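Here the structure is a predicted model, which means the values were calculated and not measured. Letters A, B, ... mirror the listed sequences (proteins, then strands); counts begin at 1.
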Amino acid sequence: MSLEDAFADGPAFIPYLAAGDPGYESSLAYVEALERGGADIIELGLPFSEPVAEGPTIQNAVVRSLENGMTPPRFFEFVEDLDVSVPLVCMTYYNLIYRYGDDPGPRPFVEKAAAVGIEGFVVPDLPAEEADPLREACDEFGLDLVFIVAPTTRGERLDRIMEQVSGYVYVQARLGTTGAQTSVSDQTSSSLDRLGEYDVPKAVGFGISSGDHAERIVRSGADGIIVGSALVDIVATGYEHGDDAETVADRIETLARELDEGARAGASQRPPHPERT
Amino acid sequence: MSLEDAFADGPAFIPYLAAGDPGYESSLAYVEALERGGADIIELGLPFSEPVAEGPTIQNAVVRSLENGMTPPRFFEFVEDLDVSVPLVCMTYYNLIYRYGDDPGPRPFVEKAAAVGIEGFVVPDLPAEEADPLREACDEFGLDLVFIVAPTTRGERLDRIMEQVSGYVYVQARLGTTGAQTSVSDQTSSSLDRLGEYDVPKAVGFGISSGDHAERIVRSGADGIIVGSALVDIVATGYEHGDDAETVADRIETLARELDEGARAGASQRPPHPERT
Amino acid sequence: MSVDGTFGDYGGQYVPEALMPAIEELNDAYERYVLNNEGGFMDDFRERLRDFGGRPTPLQRAGRLSERYDCEVYLKREDLVHGGAHKLNNALGQVLLAKYMGKERIVAETGAGQHGTATAMACAHLDMPCEIYMGERDINRQRPNVFRMKLNGSEVNPVTVGRGTLKEAISETMRDWATNVEDTHYVIGSVVGPHPFPSMVRDFQSVISEEARTQVREQVGRLPDAVIACAGGGSNTMGAFAAFVPDDETRLYAVEAGGSTLEVDSEAGVAPNSASLTTGSEGILHGARTRLLQDDDGQIMESHSVSSGLDYAGVGPELAHLVDTGRATAVNVGDDEALTAFHRLSQLEGIIPALETAHAFGYLEQVAGPDATESADADLGELVVVNVSGRGDKDLESAIEETYERDIDIAPNMDEFTGGL
Amino acid sequence: MSVDGTFGDYGGQYVPEALMPAIEELNDAYERYVLNNEGGFMDDFRERLRDFGGRPTPLQRAGRLSERYDCEVYLKREDLVHGGAHKLNNALGQVLLAKYMGKERIVAETGAGQHGTATAMACAHLDMPCEIYMGERDINRQRPNVFRMKLNGSEVNPVTVGRGTLKEAISETMRDWATNVEDTHYVIGSVVGPHPFPSMVRDFQSVISEEARTQVREQVGRLPDAVIACAGGGSNTMGAFAAFVPDDETRLYAVEAGGSTLEVDSEAGVAPNSASLTTGSEGILHGARTRLLQDDDGQIMESHSVSSGLDYAGVGPELAHLVDTGRATAVNVGDDEALTAFHRLSQLEGIIPALETAHAFGYLEQVAGPDATESADADLGELVVVNVSGRGDKDLESAIEETYERDIDIAPNMDEFTGGL
Ligand SMILES: Cc1ncc(COP(=O)(O)O)c(C=O)c1O
Ligand SMILES: Cc1ncc(COP(=O)(O)O)c(C=O)c1O
């Protein structure tokens, strides 16, 4: 199933977790719980030591995962060990992609990612201007390259990104970094408006934390929702309290379901749009 | 008795103590002990808060005396209360002389000093260049003005000083500040040589601490010896140990006698000098 | 450099999309105000550098060093710039630019606190609100600098994630910028980060070599055989090199922190040095492609140096390019050598250098000192300019601690300071 | 001044005879080298001031102060001199002179440590052995400065007698000089002491006003209406005034430390201020006749000020004379006002001043600030030059302590610094 297909059957629910957080086995369980909760695509973070685009929640997840020995090779094993059927998007920073393999450049990483079944990438520190090499490798191995569009992205920049994007566009709901929030920002609606004319699914992320929240976002016109910090929070709390992995996985599944249902509810309330399938 | 007369009968022994060190009454007793020990002239220190020409021993004496309330008016009372018959020289710094009385200038201080029976002054921070006003007041009231000649004083400077000096000249035995030492410095002999031609008694001070020491100084040609720190040391030790004033006075008298006898012994070993009486 | 901000393979703009519009706006302002002096920006900047910053700084012949090294040693005295280091050249330029751009708020990161204090000073001078991010561990190590920033009216935000040092502070400042990008300018402290920062910071710092080049010709009548500067991010380095780059006969030495050893513990992700030019490899960090201390996977390593201002895993892309192309030479000086040089300069010339700066002098000793090995193949020539990037007042506590630990033999007896100042 | 070193009734040479030959020798050297530039001494001095010292220092328009005080405020930036204060101008001059005189050893006294560090720097630069006397209490209060002197290779001798402060250190240095007068020069730290020191130190410091006078004419096109400088011993004061003395239209303000109050406790021999020009009387101290804080008997009083560099019972004789004759005006600023001014300058201009210097700015606020009383009768005019005698890095600890104690309302929140740095 390709990434774009995941949007065919109503709004896509796209949860994020950092691979290996807090440990290898528990993390496998948590990611699998996402699928049970209704995930249409899963964004799987490969932790980088300098996660400049993340807020404190995901930053701490990255630290936990790294301390537990997560590396790019382990990440690929992790993907192989995962028992999920929805498409996986690898979210990581460019240096890890660039440094993988014997020669610098993104090709070896993409080749390996394709081999383990990854369908696409989100690379928060790789703007369209610098993306050509990765874009080429993705094309070669048939992977999608998702770009983030920020509330500040307009005009020419937007065109340039939309020319390169594939799979879906990650609509950043508000300025700042990742992290759970409770209100729908004005920035979200105006971003969706600006993106209206482009023919690619629009998934909104940054700060979605509840079913109600998801519902409102989709009602405003999003084709999907991306949820990270709210889910990572569950992992963090479970880790801090020493809860067992099964309990934590259940909580994750529960929130996932709430989010997924919220998104669906939002879609049903939406005025029909001829150009949207 | 004038200061110069004190040199008539053999070498003059000129001890120094700080008035009021450590207390008013005890200090009276110590000064009186100097006379019993054979003093020919007594240099009585009026403590100044910034005794720049003194070493640590006398500095500390100054601190003790000031803390006990010594002031210029008290000093004059002290002199009046003293029961000694040898001439007294007041040793102090110029600011105290300058500030005494209603009008700035040395005259009121000198007038008062004369009235209480002081015979002369030594003012360590008043070089000949600045001494005219004090010299005039001394002349008016018939007091002597003793100057210090340092090992570095030569040529014109020496002449200038010797024109102004009266009573005796205070030959500084070595460079530095006051303080007990044990050897006779080469600087002493060469200073005495330089002063040979001037017709005024030469008293050597700075660092004389024992009868033997006194003997050698006088043997080298001094007309008198000035001893301060070695005597002040006795006061300091007595004060620190809490010894009673009588005991301390006895010790002072004993050292004074040793010094006086040393000086006399030195004189008897001296080749007869026609120009010295 | 090319107009797109790449230096050979290095440079670029590897930043989150949210920042790109701001970076484009900045790039536009850089071209207008800095490169084309629109609105008289550069005149205004140079006047403030002179009156507020204390420029030009002297180029001083170091008599006793010249004797020791048997060549003419000249010192470019950036330690005399207001605030005590070259850092103000850049901070003042950027804060002024932000003002011209209509920004209303400044954020900055700082490690040792030098860039933070420089930024705080510039912001007070230009009446701009300022927030500075600083790792909690650095805050505890550099309390006087924290206090100075506060005195100048800046807020200092402790960064508690990770190890609480410069790396984390940079990430945190980027986050603030990403959140408040519309009214806020991020004053980066060295020739690092996405384009236009490396070029812009270099341009602001180039005043060092522009002055030095004129001064050395006036005072000695010729160009130097060598220019030596320490390199952390590389801003004093690029500043000291820039005007000399076209002078082929002048050799350029970038002295990195050799730390305790050049060996790297890749397993632990720790480099006991900050020698990214010497021991690092190509990668992408904090917005640019450059040379980095990284492990085999591309994770950034903890760097180490006795001088916190050199303690950074990356280096400016332009400097990396100059080294790769052979125009500049990367060398390094270890902690012990740097500390010894710190004491030597203090004693011989009456200039207490920053520990960063001391590395540059350590190199002079390494290749021209009495114990220089035969294999020290650098030929400094007869006329050497050393950039005194900053003064050491900020480093007194570290100097005490580290001198004891390392038992530096030329150090004065400091027994009374064992407990610190 | 007259050639004999008197200024009206002030000045003179009230020193022990043992020192007189050295003082005559110094006077001779002063006339030959300083006044007549023998052997190119003054050229050598000026070149070193430039290259080693960082001169000329800027005359900076202070934008935000100018706005606050509704007049043009210009700052003479002596805080940018190497070492952080005007003190080096004098120390370098004297150590160089000692070298020309063939002396082989330097002694100096220091209170706050600024003169000591300046002397230590000059001695390292000129390769002269140096011993510095410092009261034990001051040593404990100014540890960073003690450490800096040691780093520069000087010995620091603690003075334990009395209260262990500047007064005692001066006496002790005089004693050392009296003992070693033949090969040793005593570098006095201000325009005090016996002739030729007051004239000589003034001449070395006059570079401040010589530069400022030229700069203000170049930058503004006219002479200032007022020059303001703080006054301890008065060396930055005389330095800032000297070239303007013949300019009758320029008013000169010497700002003394008003301490906690101008009331004097004559009984206890304590003046809670250091305002010898305002509250003192004529007397003789440390070699000169001048205005002093003394009790009715002529005993010198303990002075007090929040800034240790102003904490001295005397003042330079020439400055006392300028005030007596009406050419200069003595005013004073208390501890609280000075501390407030310290914070204000830091916040408004990005310059953290020495606490001494802050007094000069306190005066500006006193007479031109928003709360200036009607009775503030000083008319500063429209163009004011303030001498920024030094930077405040040395005062950070005191600033913390004193700001808390006095609860200065414009101070930043410094809770995290209650325990000191
Ligand atoms: C005095 C000094 N020199 C050098 C550096 C290193 O920075 P850069 O390499 O950017 O000049 C610093 C950084 O804080 C510094 O304070
Ligand atoms: C910065 C500064 N200003 C002023 C003074 C006061 O000295 P003077 O009155 O001699 O300039 C000092 C003395 O240490 C000082 O350090």
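Looking at R48(C), neither its backbone nor its side chain comes within 4.5 Å of chain D, counting heavy atoms on both sides. If you measure heavy-atom distances from D127(D) to chain C, the contacts under 4.5 Å come from both the backbone and the side chain. Neither the backbone nor the side chain of E47(C) comes within contact range of chain D; no heavy atom of the residue lies under 4.5 Å from a heavy atom of that chain. Neither the backbone nor the side chain of R55(D) comes within less than 4.5 Å of any heavy atom in chain C. Heavy atoms of I400(D) lying under 4.5 Å from chain C belong to its backbone as well as its side chain. Contacts of E416(D) with chain C are made by both backbone and side-chain atoms, with heavy-atom separations under 4.5 Å. Only the backbone of N413(C) comes within contact range of chain D, judged by heavy atoms closer than 4.5 Å.
Near-neighbour residues of residues 146-155 of chain D relative to chain C, defined by a heavy atom under 4.5 Å from a heavy atom of that chain, comprise V146(D), F147(D), R148(D), K150(D), L151(D), N152(D), G153(D). Among the residues in residues 344-351 of chain D, those with a non-hydrogen atom closer than 4.5 angstrom to a non-hydrogen atom of chain C are S346(D), Q347(D), L348(D), E349(D), G350(D), I351(D).
Of all non-hydrogen atoms in H125(D) and R64(C), the two that sit nearest each other are O-CD, 4.1 Å.
The 12-atom threshold is not exceeded at CG of D70(D), counting heavy atoms of other residues, nucleotides or ligands nearer than 6.0 Å.
Looking at R50(C), its side chain never comes within 3.5 Å of a backbone N or O of Q60(D) through a donor-acceptor pair.
Of the charged side-chain nitrogens involved, none lies within less than 4.0 Å of a carboxylate oxygen, so that R61(C) and D51(D) do not count as a salt-bridged pair.
With chain D as partner, the option from P144(C), G84(C), G392(C) having the largest number of non-hydrogen pairs under 4.5 angstrom is P144(C). Counting heavy-atom pairs closer than 4.5 Å to chain C, the top residue among R391(D), M414(D), E397(D), K394(D) is R391(D).
Checking H82(D) against R77(C) by side-chain atom types alone, a donor-acceptor pair falls below 3.5 Å.
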